[in-house]
Amino acid sequence: MTVWSSPMNNRDYARVLQEIAQLMEISGENRFKVRAFENATRTVETLSEDLDQIIDRGDLQGLKGIGASIANDLRQIRERGTCDIHQMLLERLDPGLLDMLKVQGLGPKRIKLVYNELGVSNLNALKEAAEAGRLRELKGLGAKTEEKVLAEIARLAQGADRAPLPQARRVAESLRDQLDALPQSIRVAIAGSLRRGRETIGDIDLLVATDEPGPIHQAFVALPEVKETLASGDTKTSVRLHNGIQVDLRTVKNEVFGSALHYFTGSKEHHIELRTRAKRQGLRVSEYGVFKENEDTPIASRTEEELYEALGLSFIAPELREGRGEISAAEKSDLPTLVEPEQIRGDVHMHTTETDGRHSIEEMADAAKALGYDYIVITDHSQAVRVANGMTPERFGDHIARIREADGRIQGIRILAGIEVDILKDGSLDMDHDLLAEADWVVGSVHSHFNLDPDTMTERLLTGMRTGLLSCLGHPTGRILGGRNGYRYDFDAVVEACVELGVALELNGSSGRLDLNAELAEKAHRKGAMLVLGSDAHSTTGLKDLRFAVQQARRAWLGPDAILNTLTVDELLKATRPALR
DNA sequence: GCCGTTTTCGGCCCGACTGTTTTCAGTCG
């Protein structure tokens with residue numbers, strides 16, 4: 001079974017379930033029933049295994065939030081791409097209503113109202129109704145709502161959606177530092193999905209501990225990045241930046257910083273599960289702490305560690321807080337020990353001025369030393385990548401010599417000679433095999449002919465790997481965050497070949513990629529494959545992108561043993577390419 | 001619709017902010 005070429009992939013199943021939840025909500029269905037479909041959506045979305053395989057095994061009802069009824073729906077969806085309840089809702093309601101849910105400030109109740117009263121069933125009709133001043137005729141809506149709705153529709157038309165994690169991270173760090181510099185702020189933290197390391201970010205969440213919230217909120221809305229204020233109260237302010245990203249600021253007393261950070265980090269699913277569990281134990285959890293029933297003084301609030309302890313749980317890292325079984329694992333002290341940034345000894349993927357990088361071997365080595373690494377691998381492009389000034393065999397031979405020379409000259413870090421070699425359309429490698437054998441580390445990547453049919457693409461990758469010369473597959477799916485989808489091939493077959501041939505899979509941390517993503521990394525690990533982190537840096541600052549790869553590895557529940565970069569240089573060189581040893 | 005170390009029935013997280021209201025519903029995270 002394949003990931004990319006399956007007629008129904010997990011995302012398709014999740015989309016149908018989500019549409020059911022949304023249409024049910026608009027139709028005024030029982031909210032807990034709606035939540036059941038939302039829960040099932042999340043479960044399917046974050047599976048690291050193909051749902052098709054689970055259906056084949058008859059294990060559907062073993063999944064969290066999926067009972068007999070939704071299991072039946074899923075089997076129908078597999079057969080027909082839809083199911084009875086989905087069909088029925090679509091017949092009764094207009095699918096254009098789903099777009100209207102994207103308008104902030106407009107929820108299911110108001111959508112139902114404008115649908116029933118004005119016959120408005122899509123964004124265009126909504127816009128016309130707002131412009132004509134007809135929304136204010138409805139109970140509970142007024143002129144201000146009309147104004148907001150129109151502004152939201154205009155924003156949606158610009159296509160502003162979720163931002164890639166690395167981009168949002170940089171924006172958030174700048175805002176954090178500015179808030180941190182205010183005299184009234186005691187400490188500042190980035191929370192939300194950024195802290196959990198989700199690969200794309202809907203908005204930025206910032207938390208400030210302070211005894212004087214007023215000046216903090218005033219200074220926040222006056223920051224140069226801020227375009228408009230969406231809402232502002234005593235403890236919470238929301239703004240939109242000029243770049244379109246929404247930022248929520250919450251201020252709290254320092255005494256409750258831990259519980260507030262926990263609350264503001266999410267996810268929603270983690271909170272619901274945690275709070276439901278607490279309630280059964282006679283406890284209440286909010287952003288102000290853990291409370292015993294009917295008491296106002298928290299038994300834990302200062303730190304997240306205290307909060308989990310008070311609930312009888314071992315500490316759960318932010319990257320795991322997705323409601324994917326982390327709470328029951330924490331109950332049994334059964335959580336994995338996750339890989340830590342400090343355990344990373346080296347970086348195996350970077351470019352220099354020899355091809356399309358901005359800095360020299362020496363400059364990259366110095367920057368890597370400053371990051372505390374023991375080793376780096378220089379991996380410039382092969383000639384097929386013309387736009388990147390890829391190397392001919394002659395140039396690569398010279399480059400190896402220069403890298404060896406630099407390695408001998410520069411103290412305090414090992415510099416290994418490598419290459420990012422193209423896996424060409426027919427699966428052959430874009431470099432002399434003798435030179436590839438001479439290199440210490442070879443990243444094999446696809447940079448052309450992305451649209452081959454899945455079988456051909458699979459065979460292409462397998463052919464490249466069977467040379468025995470590849471250390472790892474670089475950015476294995478080729479997806480660009482918010483851009484193109486990955487190329488389509490039989491992921492399972494390739495992972496199995498990786499295990500058999502001793503080829504690692506890269507977790508590429510560069511800004512636009514995060515490839516493999518957490519789900520596929522987890523899947524590859526479960527199938528026994530080795531994983532290796534690469535920054536794919538094209539400059540000294542790009543080296544820092546490796547942290548994003550670490551974070552995705554943590555989201556995949558991976559420990560140091562699963563990651564080759566935690567090995568010493570000698571161990572690393574023995575880990576792959578068994579045929580050459 | 002799902003679920004169970006009190007339950008196979010009766011529950012299902014918790015609080016802040018807005019707009020349109022005279023005490024609160026709707027939305028959001």
Side-chain angles (χ1 to χ4, degrees), chain A residues 17 20-21 24-26 28-43 60-74 85 100-114 135-149 152 191-194 196 201-207 213 217 229-238 246-252 256 259-260 262-291 311-312 323 327-328 331-332:
Chain A
L17 291 177
I20 294 172
M24 274 184 167
E25 208 177 2
I26 294 171
E29 181 63 83
N30 175 298
R31 64 195 175 100
F32 299 111
K33 195 163 158 182
V34 172
R35 185 189 294 161
F37 278 92
E38 284 172 349
N39 289 340
T41 303
R42 282 286 293 182
T43 295
L60 269 182
Q61 288 189 64
L63 299 176
K64 197 158 76 74
I66 294 182
S69 173
I70 293 182
N72 188 40
D73 294 338
L74 287 169
I85 178 74
M100 289 167 62
L101 276 173
K102 292 182 193 146
V103 176
Q104 280 207 47
L106 219 52
K109 297 263 167 50
R110 286 172 179 168
I111 288 173
K112 189 184 184 192
L113 186 67
V114 296
L135 296 186
R136 71 186 71 178
E137 297 167 7
L138 304 176
K139 186 174 162 59
L141 302 183
K144 213 148 189 177
T145 308
E146 273 174 359
E147 211 175 288
K148 280 197 158 182
V149 163
E152 266 294 296
S193 51
L194 258 178
R196 302 200 311 278
I201 302 301
D203 56 27
I204 292 171
D205 298 304
L206 297 169
L207 179 68
H217 288 275
T229 303
L230 303 174
S232 191
D234 296 336
T235 66
K236 197 175 149 185
T237 294
S238 293
Q246 182 177 327
V247 186
D248 297 333
L249 168 71
R250 187 80 188 256
T251 49
V252 295
V256 300
S259 49
H262 179 264
Y263 153 75
F264 220 25
T265 297
S267 66
K268 184 177 151 194
E269 290 73 18
H270 180 78
H271 281 319
I272 291 176
E273 194 176 334
L274 193 79
R275 291 172 176 191
T276 306
R277 179 180 172 279
K279 209 167 164 177
R280 280 202 303 270
Q281 300 172 323
L283 299 169
R284 185 177 91 248
V285 181
S286 78
E287 56 262 56
Y288 300 111
V290 180
F291 299 83
L311 296 170
I327 290 173
S328 56
E331 246 170 15
K332 294 175 273 188

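In the text below, chain A, chain B and the rest are named by the order of the sequence lines, each starting its count at 1.
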*Identify whether any heavy atom of Val285(A) sits under 4.0 Å from a base atom; if not, whether one sits that close to sugar-phosphate; answer base, sugar-phosphate or nothing.*
sugar-phosphate
*Euclidean distance for P, dT5(B) against dC17(B) (whole angstrom)*: 36 Å
*asked:* Please name the nucleotide paired to dA25(B) by Watson-Crick or G-U wobble geometry with both distances under 3.5 Å, or report none.
replied: dT18(B)
*Rounded to whole angstrom, note down the P distance from dT6(B) over to dC2(B).*
24 Å
_side chain to side chain contact (heavy atoms under 4.5 Å, CB included) against Glu29(A), all qualifying residues, sequence neighbours excluded_ = Met24(A), Ser27(A), Lys33(A), Val34(A)
*Using the C1' atom in both, what is the distance from dT18(B) to dT23(B), to the nearest Å?*
15 Å
*What's the shortest heavy-atom distance between Ser267(A) and Gly323(A), and which atoms?*
OG-N, 4.4 Å
*Can you sort out the partners of Glu273(A) under side chain to side chain donor-acceptor pair (under 3.5 Å), two or more places apart, ordered by chain and number?*
Lys64(A)
_Candidate pair Leu141(A) and Glu146(A), rule side-chain contact (heavy atoms from CB on, under 4.5 Å), full reasoning_ = CA-CA 8 Å; Leu141(A) 302 183; Glu146(A) 273 174 359; over 6 Å; no
_Nearest-Å distance once atom C1' is located in both dT7(B) and dC12(B)_ = 13 Å
*asked:* Checking the side chain of Arg275(A) only, and the main-chain atoms of Val285(A) only, is there a donor and an acceptor separated by less than 3.5 Å?
replied: yes
_Taking every non-hydrogen atom, the tightest pair across Leu60(A) and Ile66(A)_ = O-CG2, 3.8 Å
*Interatomic distance where CD1 belongs to Ile327(A) and P belongs to dC13(B) [whole Å]*: 12 Å
*Could you write nucleotides 18-29 of chain B as a row of B, S and -, 5' to 3', where a protein heavy atom under 4.0 Å of any base atom gives B, of only sugar-phosphate atoms gives S, and otherwise -?*
SSS-----SSSB
*Would a distance-only check, ignoring hydrogens and angles, find a side-chain to backbone donor-acceptor pair under 3.5 Å from Glu152(A) to Val103(A)?*
no
_Sugar-phosphate or base contact per nucleotide [nucleotides 1-12 of chain B; S, B, -; heavy atom under 4.0 Å]_ = BSS--B-----B
*Pick the P atom in dG15(B) and in dG10(B), then give their distance to the nearest Å.*
26 Å
*With sequence neighbours excluded, tell me which residues meet side chain to side chain donor-acceptor pair (under 3.5 Å) with Thr265(A).*
Arg195(A)
_Holding to side chain to side chain donor-acceptor pair (under 3.5 Å), I want the full list of residues that pass it with Ser232(A), two or more places apart in sequence or in another chain._
Thr237(A)
_Span that lies between the C1' atom of dG1(B) and that of dT8(B), in whole angstrom_ = 14 Å
*asked:* Which is more 5' along DNA chain B, the nucleotide nearest Thr235(A) or the one nearest Ser286(A)? Just name the residue.
replied: Ser286(A)
*If we take the P atom in both dT21(B) and dA16(B), what is their distance in whole Å?*
25 Å
*Using the C1' atom in both, what is the distance from dT27(B) to dC13(B), to the nearest Å?*
16 Å
